[in-house]
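Notes for the one structure printed next.
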Number of protein chains: 2
Amino acid sequence: MNTADAIEKIKQKGLRVTPQRVAVFQTVWELNNHPTAEDIIRNIRKSHPSISVGTVYKVLDTLVASQLLEKVKTDKGTMRYDPILSDHHHLYCKVTDRIVDYEDPELDKMLEAFFSKKKIENFAISDIKLEITGTFKTKAHGKQKNG
Amino acid sequence: MNTADAIEKIKQKGLRVTPQRVAVFQTVWELNNHPTAEDIIRNIRKSHPSISVGTVYKVLDTLVASQLLEKVKTDKGTMRYDPILSDHHHLYCKVTDRIVDYEDPELDKMLEAFFSKKKIENFAISDIKLEITGTFKTKAHGKQKNG
DNA sequence: CTGCGTGCAAATGGTTTGCACTACG
DNA sequence: CGTAGTGCAAACCATTTGCACGCAG
């Protein structure tokens, strides 16, 4: 995502546009591996050496609250961040700890159909996310397409 | 779960049976709301006033490693613990932060059928968990049955 | 007996907070 | 200009760790 687009997206949400917000937002897009706050800080400092840890956390909270990013929870108890594209699920790799987005409209449609027929007692569903654990079959040559 | 059963389960896993392990295991069963470590410590001290924080965490790790309990991650970054019964999914209440188990063999069967037909490229699935977010419809009188 | 498990307290590490300063709008 | 955002460093808090002692097997 280029700078102009990042600015536009932030502005659309009614947020003040600051260099830090733009940088954090772009960095999460660049690091397409669901980075931790630490990953983000390390990378962002290449272009913004003086950005502070506290600011990054505050910016991340702001962007999450404005639905420009989402938090992904991990087994390790550290949060990771994900640019919001559209509804998607997550593939968790047991071996490499990689988290990969998984979009599947057909799956979503099936789930929706299932739960509109079969209600959960006393519970109103607002969202369903699949957490698919497993392992990537690494090919000899090159990286994952999904990664 | 009574003490004899708890001892038996722990023994079955080849673990040393200690009063602390038995107490932690029973406490997680009693607190059927997916307690945090803090919840567990607070409650366990009613019967074992001198158990230490470090021990509780170590025991929880041990029991998780032996598959007597499982860790449930939360948005807040704190872990919660769940006695392992069988495969189940989780209902997350947006309003009360309650986490409730959801078992549904029919759903599991449907998912299995779906993913045996439609493979995910380069990924071998070992487990699928649904994270169903929403709100409980509280009845005027009394608590949730599921709670 | 012998080593694994426990208690304690200090350390860790990710995240948060308070405050003076800066700059977006 | 005024207020929301930033930088900094200290504080926080769940969890981990190291070590001496105790108890399960």
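Numbers restart at 1 for each chain; the letters A, B, ... are given by sequence-line order, proteins then strands.
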Item to check | Strand-adjacent residues in residues 43-53 of chain B, judged by heavy atoms under 4.0 Å from DNA chain D | outcome: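 Heavy-atom contacts with DNA chain D come from B/Val53.
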Output yes when a side-chain donor or acceptor of [X] lies under 3.5 Å from a complementary backbone atom of [Y], and no otherwise.
X: B/Arg80; Y: B/Asn33; result: yes
X: B/Asp104; Y: B/Glu106; result: yes
X: A/His88; Y: A/Asp101; result: no
X: B/Asp39; Y: B/Thr36; result: yes
X: A/Gln26; Y: A/Met1; result: yes

Checklist entry - Using the C1' atoms of five pairs at each end, what's the angle between the two axes of the helix from C/dC1-D/dG25 to C/dG25-D/dC1, to 10 degrees? => result 50°
Next on the checklist: Would you call the rings of B/Phe136 and A/Phe123 parallel, tilted or perpendicular, taking 30° and 60° as the class edges?
Outcome noted: perpendicular
Given [options], identify the nucleotide with an atom nearest to the side chain of [X].
X: B/Arg16; options: C/dT6, D/dA14, D/dA24; value: D/dA24
X: A/Lys58; options: C/dT15, D/dG2, C/dG18; value: C/dG18
X: A/Thr18; options: C/dC24, C/dG7, C/dG14; value: C/dC24

Next on the checklist: Taking the nucleotide of DNA chain C with the nearest heavy atom to each, does A/Thr36 or B/Leu15 sit closer to the 5' end?
Outcome noted: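 By nearest-heavy-atom nucleotide position, the 5'-most residue is B/Leu15.
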